Amino acid sequence: MAVPGGGAAAAALALTLLLRYCVPGGAYGSPASSTLRHAVPRGDAGGGLCGQLLLPLGYPCTEHTVETNDGFLLSLQHIPHGKNGVADNTGPPVFLQHGLFQGGDTWFINSAEQSLGYILADNGFDVWIGNVRGTRWSKGHSTFTVHDKLFWDWSWQELAEYDLLAMLSYVYTVRQSKILYVGHSQGTIMGLAAFTLPEITKMISAAALLCPISYLDHVSASFVLRAVGMHLDQMLLTMGFHQLNFRSAMGVQIVDSICDDGHVDCNDLLSSITGENCCFNGSRIDHYLEYEPHPSSTKNLHHLFQMIRKGTFARYDYGLWGNLRRYGGLSPPPFDLSSIPESLPMWMGYGGLDELADVTDVARTIKELRSTPELLYIAGYGHIDFVMSVKAKDDVYVDMMRFLRLRAKGSLHSSY
């Protein structure tokens with residue numbers, strides 16, 4: 001898709017960032033970055049996700065660590081039942097995978113009556129929470145630290161092929177049962193890519209995808225299009241910034257650079273990134289910012305921007321020679337949605353206000369699948385509403401749980 005800006009804009013932004021990052025007093029700050037700058041994070045405090053969010057409310061929760069095949073140490077949380085439950089592991093296992101710049105906390109960040117993680121546990125599901133590499137819950141590696149360049153040498157491709165494989169394999173081994181998969185945003189990119197791999201689909205009984213994404217060429221969010229047009233991803237990689245952390249001084253200055261050039265209205269930063277959201281509780285923004293945004297890698301942003309620029313759902317593009325070395329061809333191989341087993345039941349919830357998971361791109365995803373998923377379309381919902389709307393339980397989760405319960409009945413016996 002065509003996006004505004006080009007090489008000159010990227011060079012201008014690079015110069016602006018260098019001046020602001022290196023020259024004292026260079027950053028003057030937008031309202032959006034001021035909010036980020038003054039937020040007090042809790043994600044680095046002790047106790048983990050369980051200790052900070054679930055145990056204080058009386059929910060059973062245990063912390064688990066799994067290691068990926070490339071050495072990353074990932075945090076998993078297990079909520080075997082609701083606050084008033086008595087039996088462990090009796091309900092069907094459901095695995096929740098968060099989106100970009102989020103962590104497992106996103107499923108518990110509203111009240112227990114509004115947050116999907118609590119709702120599933122209280123409705124008899126055996127809940128497992130995934131946290132991908134680089135988030136504040138999953139900062140470990142067998143060799144590297146977060147200060148090493150190689151720690152951040154990954155994109156959503158590795159999240160699908162390594163992180164999901166490790167986390168789902170752990171749950172599958174513990175429960176000896178197929179797993180219900182729930183993903184939001186990047187969690188659906190990971191899921192759809194992973195479902196093309198037989199070693200992962202054999203562990204999945206059904207999938208519910210909130211704001212499903214495999215194609216991004218109809219993205220219309222102003223902040224995102226401005227960043228793509230400025231070649232922000234390529235500029236950051238060239239400058240040697242491999243971690244993308246919007247809580248860091250550089251991250252805040254990136255927001256300033258995009259917001260303060262007059263092209264993007266960042267008075268409502270969330271809407272400029274995702275599109276409007278009907279039912280997001282803005283009065284809780286300070287609480288949300290105690291946990292989010294989480295870090296990601298610049299390479300991951302670059303991969304997502306490749307999707308926007310090229311209109312593809314493919315592996316990371318390393319350039320002609322890099323692709324030849326890694327893939328044996330000049331172009332990165334696509335993730336073929338038609339290779340997802342026809343027998344894998346899917347449910348998708350998406351909204352008319354979503355400027356990231358655009359309805360046109362969702363329709364293309366559905367068309368390329370071998371079987372038609374069950375669909376829940378809400379014209380007045382945006383990207384964040386599906387995980388943070390104060391009305392999501394009635395609008396979204398009741399129907400999703402109906403689907404999950406129905407599909408869980410055959411999870412011990414079905415095969416692909």
Side-chain angles (χ1 to χ4, degrees), residues 1-3 97 99-100 155-157 159-161 164 181-197 200-201 204 206-225 227-229 233 273-276 300-317 331-387 396 399-400 403:
M1 76 177 290
V3 292
Q97 183 54 58
L100 179 66
S155 77
W156 59 258
Q157 178 179 331
L159 304 186
E161 296 176 342
L164 274 188
Y181 182 91
V182 176
H184 173 249
S185 192
Q186 181 181 261
T188 72
I189 300 177
M190 295 164 56
L192 288 167
F195 299 157
T196 67
L197 307 175
I200 290 180
T201 52
I204 304 298
L209 306 180
L210 299 165
C211 310
I213 295 173
S214 63
Y215 295 101
L216 284 168
D217 43 322
H218 287 87
V219 163
S220 56
S222 59
F223 187 97
V224 176
L225 290 183
V228 173
D233 51 330
I273 295 173
T274 69
E276 292 184 23
N300 190 33
L301 185 75
H302 187 37
H303 195 176
L304 292 165
F305 283 11
Q306 287 177 354
M307 297 167 67
I308 295 174
R309 294 180 181 116
K310 300 180 180 183
T312 58
F313 183 46
R315 289 163 174 80
Y316 186 85
D317 190 344
S331 300
F335 285 100
D336 181 7
L337 292 174
S338 68
S339 68
I340 297 176
E342 187 176 5
S343 55
L344 177 63
M346 278 196 258
W347 176 100
M348 294 182 176
Y350 63 110
L353 299 180
D354 195 333
E355 295 185 1
L356 296 178
D358 183 87
V359 293
T360 303
D361 292 330
V362 173
R364 182 180 176 187
T365 298
I366 295 168
K367 183 178 180 180
E368 293 189 10
L369 294 170
R370 291 168 60 189
S371 61
T372 301
E374 291 192 34
L375 301 175
L376 175 67
Y377 173 72
I378 305 177
Y381 258 44
H383 196 74
I384 297 300
D385 286 322
F386 284 87
V387 287
V396 182
D399 188 65
M400 187 181 73
F403 167 82

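No experiment lies behind these values; they were computed from the predicted model shown.
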Check your understanding: Would you call the rings of Trp156 and Phe335 parallel, tilted or perpendicular if under 30° counts as parallel and over 60° as perpendicular?
Key -> tilted

Review point. Relative to the ring of His383, is the ring of His184 parallel (under 30°), tilted (30 to 60°) or perpendicular (over 60°)?
Key: tilted

Answer yes or no: is there a donor N or O on one side and an acceptor on the other, between the side chain of [X] and the main chain of [Y], under 3.5 Å?
X: Asp354; Y: Gly351; value: no
X: Thr196; Y: Leu192; value: no
X: Asp233; Y: Leu301; value: no

Practice item. Begin with the C-alpha distance, continue with both residues' side-chain angles, and end with the deciding distance and a verdict on side-chain contact (heavy atoms from CB on, under 4.5 Å) for Tyr377 and Val359. Key: CA-CA 9 Å; Tyr377 173 72; Val359 293; 3.8 Å; yes

Kindly compute the distance separating [atom1] ([X]) from [atom2] ([Y]), expressed to the nearest 0.5 Å.
X: Ser220; Y: Leu225; atom1: OG; atom2: CG; value: 7.0 Å
X: Phe195; Y: Met190; atom1: CZ; atom2: CE; value: 10.0 Å
X: Arg370; Y: Leu344; atom1: CZ; atom2: CG; value: 11.0 Å
X: Met348; Y: Leu376; atom1: CE; atom2: CG; value: 12.5 Å
X: Cys211; Y: Ile384; atom1: SG; atom2: CD1; value: 7.5 Å
X: Thr312; Y: Leu216; atom1: OG1; atom2: CG; value: 9.5 Å

Exercise for review: For Ser155 and His303, run side-chain hydrogen bond (donor to acceptor under 3.5 Å, both in side chains): C-alpha distance rounded to whole Å, both residues' side-chain angles, the deciding distance at 0.1 Å, then the answer.
Suggested key: CA-CA 6 Å; Ser155 77; His303 195 176; 2.7 Å; yes

Can you confirm whether [X] sits close enough to [Y] that some side-chain heavy atom of one is under 4.5 Å from a side-chain heavy atom of the other?
X: Ile378; Y: Asp385; result: no
X: Asp217; Y: Asp361; result: yes
X: Val396; Y: Tyr381; result: yes
X: Met346; Y: Ile340; result: yes
X: Asp336; Y: Ser338; result: yes

**Study point:** Sole residue of Thr188, Val182, Leu209, Leu164 in side chain to side chain contact (heavy atoms under 4.5 Å, CB included) with Gln97
**Key:** Leu164

Looking at every heavy atom in both [X] and [Y], which two are closest together, and how far apart are they?
X: Ala194; Y: Ala160; result: CB-O, 4.0 Å
X: Leu353; Y: Glu276; result: CB-O, 3.5 Å
X: Pro212; Y: Ala357; result: O-CB, 3.7 Å
X: Pro332; Y: Ala314; result: O-CB, 4.0 Å
X: Leu369; Y: Leu337; result: CD2-O, 3.9 Å
X: Pro373; Y: Ile366; result: CD-CG2, 4.0 Å

Practice item. Please test Arg309 against Asp317 for salt bridge (charged side-chain N to carboxylate O under 4.0 Å, His left out), starting from the C-alpha separation and ending with a verdict. Key: CA-CA 12 Å; Arg309 294 180 181 116; Asp317 190 344; over 6 Å; no

Practice item. Could you give me the CA-CA distance, side-chain angles and deciding distance for Leu375 and Val362, then say whether side-chain contact (heavy atoms from CB on, under 4.5 Å) is met? Key: CA-CA 11 Å; Leu375 301 175; Val362 173; 5.8 Å; no

Check your understanding: Taking it one step at a time, do Thr274 and Leu356 satisfy side-chain contact (heavy atoms from CB on, under 4.5 Å)?
Key -> CA-CA 6 Å; Thr274 69; Leu356 296 178; 4.1 Å; yes

Practice item. Apply the test side-chain contact (heavy atoms from CB on, under 4.5 Å) to residues Glu368 and Phe313: give CA-CA distance (whole Å), side-chain angles for both, the deciding distance (0.1 Å), then the verdict. Key: CA-CA 11 Å; Glu368 293 189 10; Phe313 183 46; over 6 Å; no

